[in-house]
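Structure first, then comments.
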Number of protein chains: 2
Amino acid sequence: MANAFVEKLRGYAPVSSLDEALLEKACVRSRKLPADYDLIHEGDRPGPVFVILSGWACSYKILPGGSRQIISFLMPGDFCDIHVAVLAEMDHSIGTITEAQVATIPRDQMEELVEVRPSLAKAFWWSQLVDAGVLRATIVSMGRRTSLERVAHLLCELCFRMRNIGIATEESIVMPFTQIMLADAVGMTPVHVNRLVRKLRAAGALELGVGTLIIADLKLLSQIAGFYDNYLHRRLRTRQSATA
Amino acid sequence: MANAFVEKLRGYAPVSSLDEALLEKACVRSRKLPADYDLIHEGDRPGPVFVILSGWACSYKILPGGSRQIISFLMPGDFCDIHVAVLAEMDHSIGTITEAQVATIPRDQMEELVEVRPSLAKAFWWSQLVDAGVLRATIVSMGRRTSLERVAHLLCELCFRMRNIGIATEESIVMPFTQIMLADAVGMTPVHVNRLVRKLRAAGALELGVGTLIIADLKLLSQIAGFYDNYLHRRLRTRQSATA
DNA sequence: CGGGTGGTTGAATGAAATCAACTATGGTGG
DNA sequence: CCACCATAGTTGATTTCATTCAACCACCCG
């Protein structure tokens with residue numbers, strides 16, 4: 001199976017074999033990181049671009065009171081703001097959730113890639129725009145959805161994104177989230193998330209494990225959430241083309 | 001006074017007089033739009049890039065139930081996702097709040113600008129990254145701030161952004177918001193916003209009019225909100241250089 | 001075996017929405 | 001000019017929702 005990064009970009013724009021080779025080469029420098037490891041902190045000077053090759057990560061902020069808000073989840077193929085290097089300091093932190101393989105692409109190499117391969121530049125653009133769309137959808141969820149819908153919506157989004165990059169099959173999608181993390185993502189307390197999550201289980205949408213959570217009925221979950229995937233802007237790959 | 005668009009970009013990166021001339025030329029086609037006028041709807045095919053030259057606008061989504069969530073506010077100098085044209089359909093709507101002068105830059109002209117003037121491309125990038133930072137900050141507010149902090153934080157952000165583009169002086173910043181709009185932005189009901197806003201008035205931070213709202217004490221408001229402006233990533237202009 | 005983390009549950013408190021009534025204002029048409 | 005209506009804002013009473021607090025279980029790991 002190809003690099004998850006390539007795999008994801010393919011979902012947005014055509015990637016030639018030359019593009020692919022260059023991407024693979026750029027991702028050569030990668031490390032295996034443990035779970036709960038911070039790649040970069042708010043306030044730090046931005047460094048290279050991080051690309052998640054396997055595992056899960058997230059971006060988040062800690063408030064003065066100590067509470068945490070997870071802003072977005074990163075899965076294989078995702079990268080942190082490509083050109084973040086133009087900014088003086090990070091306005092958020094990025095950390096792993098599970099053990100993860102992450103590549104670091106130096107800034108200059110990234111810029112070269114963009115200049116030399118317009119097709120890649122376009123794919124990057126696309127990806128950035130989709131990321132912004134995800135942020136907008138998150139704002140809508142937080143502002144105007146009920147807590148149950150909110151949880152369901154987040155899980156739906158993650159399922160769809162997993163499918164788009166081919167790391168989820170049709171049924172029984174497993175996610176490595178503690179309820180505490182889920183709470184930090186949807187802006188609620190862990191105990192309330194617990195009650196919601198069991199309500200979803202009672203409805204037959206989920207199964208619960210310790211530190212994991214299994215989507216049993218995505219259709220039902222989508223229905224509860226009022227989920228529409230238009231904001232994920234997938235174009236090229238279709239649901240049917242499961243294999244590479 | 002120069003085009004607000006130019007003015008804003010200057011805050012992020014150097015803009016030469018040639019850059020400026022090109023920008024001015026690109027903004028030649030502009031229209032005066034009434035208040036509450038939708039520039040584009042969710043589901044539409046993206047058209048040209050919109051640039052706000054004067055007045056206020058916002059991006060928003062309407063949920064199936066009819067409730068609205070304002071995602072972000074647009075003020076003079078702001079534009080909607082530059083390269084949104086690569087996406088197939090809009091995942092949100094954009095509408096004016098007040099009467100507004102807005103320029104439309106055709107997609108091809110935009111792309112030419114970016115290719116011909118790397119300095120502008122960089123300024124655009126910067127601006128996009130800042131916009132993403134604003135979205136992230138909004139998510140944090142919605143998730144982990146109290147309702148009072150949330151309202152105060154939004155108002156602070158808008159004040160700072162207004163200052164950055166030079167349309168706000170030191171004191172008494174006027175904003176053309178009904179409490180209903182404010183409610184749609186912070187994800188609360190109008191009646192609750194009302195109570196919060198009067199609490200802020202009682203504290204001496206605000207003054208209230210019908211359809212407007214005046215920031216009387218930004219320092220106090222910042223303190224209530226726990227506001228830090230690092231995520232706005234302003235670099236070049238300093239608070240002192242008020243005049244062009 | 002003891003301690004830590006994640007999860008579960010109930011009771012009490014607090015926050016926000018809802019419902020409802022009412023004021024003030026500006027615009028419109030008779 | 002006035003009657004009428006629509007919109008924005010205000011206020012109180014009530015209900016719903018989520019947090020807080022607290023206790024407890026299960027499990028893994030040292």
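Just so it is clear: chains get the letters A, B, ... in the order the sequence lines come, proteins before strands, and each one is counted from 1.
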Could you state the atom-to-atom distance from NE2 of B:His192 to C1' of D:dT16 in whole Å? 14 Å
Classify the side chain of B:Arg195 versus the base of D:dG12 as yes if they form a donor-acceptor pair under 3.5 Å and no if they do not. yes
I want to confirm an ordering. Mapping A:Val191 and B:Val191 to their closest nucleotides on DNA chain D, which one lands closer to the 5' end? B:Val191
Between A:Val197 and B:Arg150, which residue's closest nucleotide on DNA chain C lies nearer the 5′ terminus? A:Val197
Expressed in angstrom and rounded to an integer, what is the separation of A:Leu196 atom CG from D:dT19 atom P? 9 Å
Nucleotide of C:dA17, D:dT20, C:dG7 approaching B:Thr189 most closely (side-chain heavy atoms): C:dA17
Does a side-chain N or O of A:Arg198 approach OP1 or OP2 of C:dT9 to a distance below 4.0 Å, or not? yes
B:Asn194 atom CG is separated from D:dG12 atom P, nearest whole Å, by 11 Å
Does the side chain of B:Ser93 pick up a donor-acceptor pair with the side chain of B:Glu42 at under 3.5 Å? no
Can you tell me how far P of C:dG6 sits from CG of A:Leu213, to the nearest Å? 15 Å
Once you round it to whole Å, what is the distance between P of C:dT8 and CD1 of A:Ile180? 11 Å
Between D:dG9, C:dT8, C:dC19, which one does the side chain of A:Gln179 approach most closely? C:dT8
Let me know the distance between CE of A:Met188 and C1' of D:dA18, rounded to the nearest Å. 9 Å
Does the side chain of A:Glu157 come under 3.5 Å of the side chain of A:Tyr231 through a donor N or O and an acceptor N or O? yes
Side-chain N or O of B:Ser147 closer than 4.0 Å to phosphate OP1/OP2 of C:dA16: yes
Modelled atom types, side-chain donor and acceptor of B:Asp38 and B:Tyr60, under 3.5 Å: yes
Aromatic ring proximity A:Phe50/A:Phe79, centre distance under 6.0 Å: no
Provide, to the nearest angstrom, the distance between the CD atom belonging to B:Glu149 and the P atom belonging to C:dA15. 12 Å
Are B:Asp184 and A:Arg144 close enough for a salt bridge, meaning some N to O gap below 4.0 Å? yes
Upstream residue (5' side of DNA chain C) when A:Leu208 and A:Arg144 are each assigned their closest nucleotide: A:Leu208
Grab the CG-P distance between B:Asp184 and C:dA17 for me, whole Å please. 12 Å
